[in-house]
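Proteins get letters first, then strands, A, B, ... in listed order; numbering begins at 1 in each. Please read these numbers as outputs of a predicted model, since none were measured by experiment.
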Protein chains: 2
Amino acid sequence: MSRIRTVLVDDHRVVQTALRSYLESFPDIEVVGAAVSGEEALEKLEGWLPDVVVMDLRMPGGMDGIEATRRVRALSPHSQVVVLTADTDDARVVAALRAGAIGYVRKDSDPEVFLTAVRGAARGQSVLDPAVAGSVLQDLLRGGPLVEELSEREKDVLRQLAHGRTNREIAQALHVSEETVKTHVGNILSKLQLSHRTQAVVYALKQGLVSLEDIEMEGRGG
Amino acid sequence: MSRIRTVLVDDHRVVQTALRSYLESFPDIEVVGAAVSGEEALEKLEGWLPDVVVMDLRMPGGMDGIEATRRVRALSPHSQVVVLTADTDDARVVAALRAGAIGYVRKDSDPEVFLTAVRGAARGQSVLDPAVAGSVLQDLLRGGPLVEELSEREKDVLRQLAHGRTNREIAQALHVSEETVKTHVGNILSKLQLSHRTQAVVYALKQGLVSLEDIEMEGRGG
DNA sequence: CCGGGGCTCCCCCGTTCGGGGGAAGAAAAA
DNA sequence: TTTTTCTTCCCCCGAACGGGGGAGCCCCGG
């Protein structure tokens, strides 16, 4: 039986290299490629022909791990995606599974779980980290992430909200009237079933719509 | 010359195991121990007698990597601490260096940088990730993180803010009047030189005062 | 063709925020 | 000791916010 062709997608190159070293210490696993972004992974995917793609959810740049998972599955249905992430947030895990991931392992899990997930994925078996499988399934049952219900414009406004801007500032940034922004904010809160913009910001961050690192603090010296 | 005695402190056990595999592939490095928390590392430190402690900043539990670094240095001055973290936020890096770390490497750096930092630390040399060394130095010059200027009570309020609560809700949670909360919020914004509570929330998250994972979304159907 | 959704803008209204001021007690620092 | 800081609470006021309504425009799908 041939070795499991594995690809690593993680923007943390130190971690990526370490994972490669770890996985290759097992004779049944072969690391045939690695990428630091979803874009890079997709470019090279057809050249690698992997059985398993180990995907980090949290990545900088335009494409996050969820979107990357979706496209990997579309481009190469044979390749199974195992999500390996530090994320403890159920919402994003659920989104990843919806996007076509077959396995999910947290970085703080026992390494044996990770190995099992990779080997399982190669056989088409789903291995979910037991630490969160329960709550994730609950999430799946009770409906998907509400962000996806947001229109593009509403996501724009939500991103602006996450920068701590007022309606007026958002109006200027997006070149619309303050009234329009009010409408969007109202619709966002309504769709997300929240009541304050502060909650919307936390929600945006949890969903990965914006990254904390992307936010330059305004209005302070420094 | 004997091998560099190294200890890994990272709550991500998958990553920790992978790093061990990676480091041990080099003949001059020996991994003599590993811990998933600052507490565990300190307990076993004197048994390990490491030359280098590789420390992740972001860890759950009572002690974070910064406090752990401080105590490692106090308990075993021979052991040099290299911070290895996904954190892209300067503030916490500066805090870690203040706490006595000699090296700092981001997880998305070139693995070579990490190796250099470990080997340098063993010789007492400081290796700072060039990707951020500049901005970190600026931070050091312009003074420490503003959070430290906040009183305990103000941090309590800031944590509440991060949950998207209104002044009234915070008042109930902390068992004080709404007026008191208003005072605290005002002082927080003033001290942090911000103008909206939403910005304060982002600030709290960036500083690690609260973790995104700690925040249970309220006010939505779930 | 007509309906629905998205984007834009406007009105009104009550609530929440943020900033200004002051004040009292307790605890810690000078 | 005096002084400062922290914590608590109160006042007033203007600005910002959230919810409700309506309206016109465009585009896509039935």
Side-chain angles (χ1 to χ4, degrees), chain A residues 143-205 207 209 217-221, chain B residues 143-205 207 209 217-221:
Chain A
L146 272 27
V147 246
E148 294 186 357
E149 297 172 8
L150 296 183
S151 72
E152 282 310 308
R153 202 51 164 169
E154 285 160 354
K155 289 181 192 169
D156 289 340
V157 173
L158 186 45
R159 270 184 285 267
Q160 294 285 328
L161 282 179
H163 284 73
R165 301 208 171 103
T166 65
N167 289 345
R168 179 167 302 168
E169 290 167 340
I170 296 174
Q172 289 170 355
L174 298 184
H175 306 291
V176 295
S177 84
E178 202 174 333
E179 298 300 326
T180 302
V181 177
K182 281 187 59 179
T183 304
H184 286 315
V185 172
N187 290 336
I188 290 168
L189 294 178
S190 172
K191 286 187 178 177
L192 302 183
Q193 299 173 246
L194 302 172
S195 46
H196 313 291
R197 53 175 50 212
T198 351
Q199 295 175 332
V201 169
V202 174
Y203 193 87
L205 290 167
Q207 295 292 327
L209 192 66
M217 202 60 64
E218 296 163 16
R220 62 161 293 211
Chain B
L146 271 29
V147 247
E148 293 184 358
E149 296 172 8
L150 296 183
S151 72
E152 283 310 308
R153 203 49 165 170
E154 285 160 353
K155 288 181 194 169
D156 289 341
V157 173
L158 185 46
R159 268 184 285 267
Q160 294 285 328
L161 282 179
H163 284 73
R165 302 207 171 104
T166 66
N167 289 344
R168 179 167 300 167
E169 290 166 340
I170 296 174
Q172 289 172 354
L174 299 184
H175 306 294
V176 294
S177 84
E178 201 174 333
E179 297 300 325
T180 301
V181 176
K182 280 188 58 179
T183 303
H184 287 315
V185 171
N187 289 336
I188 290 168
L189 294 178
S190 172
K191 284 187 179 179
L192 302 184
Q193 300 171 246
L194 302 173
S195 47
H196 311 291
R197 52 175 51 213
T198 352
Q199 294 174 333
V201 169
V202 174
Y203 193 86
L205 290 168
Q207 294 294 327
L209 192 69
M217 202 60 65
E218 296 163 14
R220 62 161 289 213

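- Arg165(A) contributes no side-chain N or O that, together with a main-chain N or O of Ala171(A), makes up a donor-acceptor pair within less than 3.5 Å.
- Nearest heavy-atom pair across Leu158(B) and Ala204(B) is CG-CB, 3.7 Å.
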Practice task
Applying side-chain contact (heavy atoms from CB on, under 4.5 Å), run through Gln199(A) and Leu192(A) and close with a yes or a no.
Solution key: CA-CA 10 Å; Gln199(A) 295 175 332; Leu192(A) 302 183; over 6 Å; no
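- A distance-only check finds a donor-acceptor pair linking the side chain of Glu169(B) to the backbone of Thr166(B) [under 3.5 Å].
- Summarising the geometry of Asp156(A) relative to Arg159(A), their closest heavy-atom pair is OD1-NH2, 3.0 Å, with the distance given to 0.1 Å.
- Rotation axes derived from the C1' atoms of the five outermost pairs at either end of the helix from dG3(C)-dC28(D) to dA30(C)-dT1(D) lie 50° apart, to the nearest 10°.
- Atoms CD (Glu169(A)) and P (dA15(D)) sit 15 Å apart, rounded to a whole Å.
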Fill in the blank from the handout: The contact string for nucleotides 4-21 of chain C, one letter per nucleotide 5' to 3', using protein heavy atoms under 4.0 Å with B, S and - for base, sugar-phosphate only and none, comes out as --SSBBBBB---SSBB--
Contacts table for residues 181-189 of chain A: side-chain donor-acceptor under 3.5 angstrom, sequence neighbours left out:
| unit_1 | atom_1 | unit_2 | atom_2 | d |
| --- | --- | --- | --- | --- |
| Thr183(A) | OG1 | Glu179(A) | O | 3.0 |
| Asn187(A) | ND2 | Thr183(A) | O | 3.3 |

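- Note that NE2 of His196(A) is 12.0 Å distant from OG1 of Thr198(B), once rounded to the nearest 0.5 Å.
- Contact record, Leu161(A) with Ala200(A): CD1-CB, 4.3 Å, taken as the closest heavy-atom pair.
- Atoms CD1 (Ile170(B)) and P (dC9(D)) sit 14 Å apart, rounded to a whole Å.
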